[in-house]
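Comments concern the structure below.
Every chain is numbered from 1 and lettered A, B, ... according to where its sequence line falls, protein lines coming before strand lines. Everything quoted here is computed from the prediction, not taken from an experiment.
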There are 2 protein chains.
Amino acid sequence: MSNNPTPTLYDVSEKAGVSTATVSRALNFPDRVAEKTRKRVMDAVTALGYSPNFGARAMASRRTNTIGAVIPTMANAMFARGLQAFEEELRRHGFTILVASTSYQPNIEIDQIRSLVARGADGLLLIGHHRDPEIYDFLKAQDVPTLVTWAYDPSEPRPSVGFDNRVAMKAMANEVIKMGHTKIALISGESSLNDRADARIHGVEDAMADAGLDPSDLNIHETTFGIEEGARGFDAVMMSMPRPTAIMCSADVLAVGAMRRARELGISVPEDVSITGFDDLELAQVVHPPLTTVFVPHAEMGRRAGLALARQLTDGTPMGTTELATQPILRGTLAPPKDGTSD
Amino acid sequence: MSNNPTPTLYDVSEKAGVSTATVSRALNFPDRVAEKTRKRVMDAVTALGYSPNFGARAMASRRTNTIGAVIPTMANAMFARGLQAFEEELRRHGFTILVASTSYQPNIEIDQIRSLVARGADGLLLIGHHRDPEIYDFLKAQDVPTLVTWAYDPSEPRPSVGFDNRVAMKAMANEVIKMGHTKIALISGESSLNDRADARIHGVEDAMADAGLDPSDLNIHETTFGIEEGARGFDAVMMSMPRPTAIMCSADVLAVGAMRRARELGISVPEDVSITGFDDLELAQVVHPPLTTVFVPHAEMGRRAGLALARQLTDGTPMGTTELATQPILRGTLAPPKDGTSD
DNA sequence: TCGATTCATGCAAGCCTTTACATTGAACGC
DNA sequence: GCGTTCAATGTAAAGGCTTGCATGAATCGA
């Protein structure tokens with residue numbers, strides 16, 4: 001057995017007794033090569049254990065069939081379902097996806113985007129619209145089709161497939177208010193780093209305003225997304241005055257953290273305080289009582305995003321902007337406020 | 001503003017009035033270039049918005065500073081914490097990581113590994129030892145340092161950093177048995193696709209044998225990892241005879257699914273049936289009662305794996321095999337079996 | 001002041017594929 | 001039997017970067 005440091009196209013061509021061009025064609029356009037030749041080539045390929053050098057291929061063809069997805073975090077399941085559907089759809093169309101995460105840091109996001117582009121991503125999936133305009137300029141200059149998801153905002157010029165975070169959260173807030181709550185707290189993601197979180201805050205405020213409540217009474221606690229953070233957020237908002245009777249959370253992970261903390265403190269949900277979430281992860285139904293939350297069609301969103309990008313990259317079909325519907329799911333953590341607390 | 005389709009090294013070199021070699025050096029070995037020149041180059045780089053073509057760079061240098069991680073799934077948080085620590089450690093050493101998932105399908109794993117190697121991964125992180133030996137041959141032939149994690153088995157020849165799944169699960173089973181349980185069921189991952197799941201099964205059997213119970217009485221239900229699957233697994237094992245008094249699960253996600261189902265059926269945990277998990281995810285503490293489970297030092301494991309790989313790739317320090325300790329964490333879901341059920 | 005070092009830089013080959021274009025040979029129509 | 005097509009294959013350039021080697025300038029020691 002000879003020492004065989006990474007066989008190249010050339011090695012294959014020699015072994016098969018053809019030119020490198022033919023090998024390349026046999027691999028990429030099997031029908032543009034005679035049956036017999038193809039077989040000879042394939043045999044050589046397997047015999048040698050050849051696998052094409054990605055960099056070289058990318059350089060020569062100016063195409064990678066790779067799509068980059070830049071998400072804020074992999075640490076919780078928030079993006080998992082959507083991403084998985086995205087990946088599956090794209091795989092079906094012959095694309096591979098590269099995932100990068102940013103920890104919600106704008107500068108890391110920039111690095112990740114540049115890195116993905118340098119790696120030859122043919123297209124990009126981004127979460128939310130808001131980011132340094134320079135990035136969009138860069139992407140346009142590099143001619144990388146970019147699709148925004150997890151958000152829908154018709155006033156934005158870029159194509160997107162997502163939902164209206166503000167409207168979605170407003171609908172949930174409407175339910176909370178309808179239940180009789182007036183002292184509402186919100187445990188939210190960092191609005192400055194996260195336009196979805198920001199939109200959700202506005203959603204709650206919208207609902208309050210519509211109901212004749214003063215939006216400035218909304219007690220907002222901003223934090224990063226996580227179960228532990230939800231627990232700490234619970235402490236923070238429960239200590240503030242007036243004590244809220246309903247705590248809305250802009251993510252399920254925050255909500256279950258809050259619920260955990262409530263139990264630790266002997267505060268019962270929803271009797272003593274109502275809690276709502278956002279996302280409708282599986283998580284929402286393993287807690288008790290099951291979490292009232294906003295359903296988001298993650299899988300559908302991922303699938304459609306994948307399809308749009310695939311079409312754009314193969315047919316050139318331009319990507320449009322499509323809105324997906326969300327819906328408040330009433331389960332066990334939302335109930336009317338206790339009486340006697342009314343001022 | 002001229003139309004500037006992706007500036008190259010050459011463009012930069014012209015603008016800076018130096019050769020491409022100098023630009024390359026200015027970028028990669030800043031101290032091997034005169035201060036003034038470097039500044040001129042850097043200015044040109046930013047003016048042009050240059051960013052190096054990854055494929056070309058990889059091809060020329062035969063190095064990518066990229067490490068691939070192939071994990072079974074991103075769908076649940078099982079690998080998230082470990083992976084994040086891995087990524088952070090490696091980033092600190094100047095490496096980028098590429099994550100690919102396999103859905104526990106051996107053939108997908110092969111594809112992913114090949115793809116990562118073709119993409120030029122300088123090193124690889126794999127979960128568990130067990131896979132087609134051909135893969136290891138391939139990796140050796142391609143000269144890609146590979147580290148196994150999430151498992152520790154001194155009988156395996158490959159370097160690894162992980163824990164002994166069998167011993168870890170045995171320790172948990174010991175607690176269950178010590179509590180008085182004899183009718184034990186196990187909701188497990190697919191042992192044929194997952195050597196960790198297999199080892200955990202053996203761990204329970206070991207404990208039973210040690211306690212004088214017949215290991216063949218262990219009621220095993222194999223499924224894929226997921227909350228929903230845990231719920232279905234609960235149904236399955238509770239319907240079998242004899243009805244178990246303790247249900248061990250080889251993952252927390254399975255356990256919380258089982259707990260959810262128990263509540264839906266009005267079966268209380270741990271009064272009617274005990275349930276244990278494995279992993280000690282945050283999830284384990286948001287359910288009620290909090291889940292008795294096996295603590296696994298995910299973050300530590302990821303960090304060490306990252307360090308080992310980084311060392312190997314920079315210094316050439318060979319990667320060893322290191323074992324990490326796990327520990328049963330007794331919380332609320334394990335209690336003695338109800339009396340009267342004893343046959 | 002002059003040869004020997006050292007430092008900064010340039011030259012050009014090489015990395016592995018794809019692909020436009022050229023070539024070959026066979027099949028075909030007349 | 002001959003010119004024409006067409007399918008199959010080959011040739012060679014291009015793609016963007018790194019790096020061994022060569023070169024020239026500056027520095028140093030005596």
Could you give the [atom1]-to-[atom2] distance, from [X] to [N], as a whole number of Å?
X        : N       : atom1 : atom2 : answer
Lys36(B) : dA8(C)  : NZ    : P     : 13 Å
Arg63(B) : dT18(D) : CZ    : C1'   : 13 Å
Met59(A) : dG15(D) : CE    : C1'   : 5 Å
Leu48(A) : dC16(C) : CG    : C1'   : 15 Å
Glu35(B) : dA8(C)  : CD    : C1'   : 13 Å
Asp31(A) : dA8(D)  : CG    : P     : 9 Å
Tyr10(A) : dT11(D) : OH    : C1'   : 13 Å
Arg40(A) : dG10(D) : CZ    : C1'   : 14 Å

task = Report, as yes or no, whether the 6.0 Å neighbourhood of atom NE2 on His93(A) holds more than 12 heavy atoms from other residues, nucleotides or ligands.
result =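 Yes - once you tally the heavy atoms of other residues, nucleotides and ligands closer than 6.0 Å, there are more than 12.
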
query = Would one find a side-chain N or O of Tyr50(B) under 4.0 angstrom from OP1 or OP2 of dC17(D)?
reply = yes

ask   = Should Thr8(B) be listed as having a side-chain N or O under 4.0 Å from OP1 or OP2 of dG16(D)?
value = no

ask   = For the atom pair CD (Glu109(B)) and CG (Leu193(B)), what is the distance rounded to the nearest 0.5 Å?
value =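 Nearest 0.5 Å value for the CD-CG distance: 10.5 Å.
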
task = Could you tell me whether a side-chain N or O of Ser61(B) sits under 3.5 Å from a main-chain N or O of Arg63(B), the two making a donor and an acceptor?
result =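 Yes, Ser61(B) side chain to Arg63(B) backbone: donor-acceptor pair under 3.5 Å.
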
ask   = Is the backbone of Asp315(A) close enough, under 3.5 Å, to the side chain of Thr317(A) for a donor and an acceptor to pair up by distance?
value =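 No.
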
query = Do Thr96(A) and Arg119(B) have a side chain donor and acceptor closer than 3.5 Å?
reply =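 On atom types as modelled, these side chains do not qualify, holding no pair under 3.5 Å.
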
message = Among dT9(D), dA8(C), dC17(D), which nucleotide has an atom closest to any side-chain atom of Pro52(B)?
response =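 Selected nucleotide (nearest to the side chain): dC17(D).
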
task = Indicate, with a heavy-atom threshold strictly under 4.0 Å, whether Val18(B) touches base, sugar-phosphate, or nothing.
result = sugar-phosphate

request  = Between protein and nucleotides 19-25 of chain C, map the contacts as a letter string: B base, S sugar-phosphate only, - none, heavy atoms under 4.0 Å, written 5' to 3'.
outcome  = BB-----

Side-chain ion pair, Glu300(B) and Arg304(B), N-O less than 4.0 Å =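 So Glu300(B) pairs with Arg304(B) through a salt bridge.
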
message = Taking the basic N atoms (NZ, or NE/NH1/NH2) and the acidic carboxylate oxygens, is any pair closer than 4.0 Å for Lys15(B) and Asp11(B)?
response =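 Not counted as a salt bridge, because no side-chain N and carboxylate O are separated by less than 4.0 Å.
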
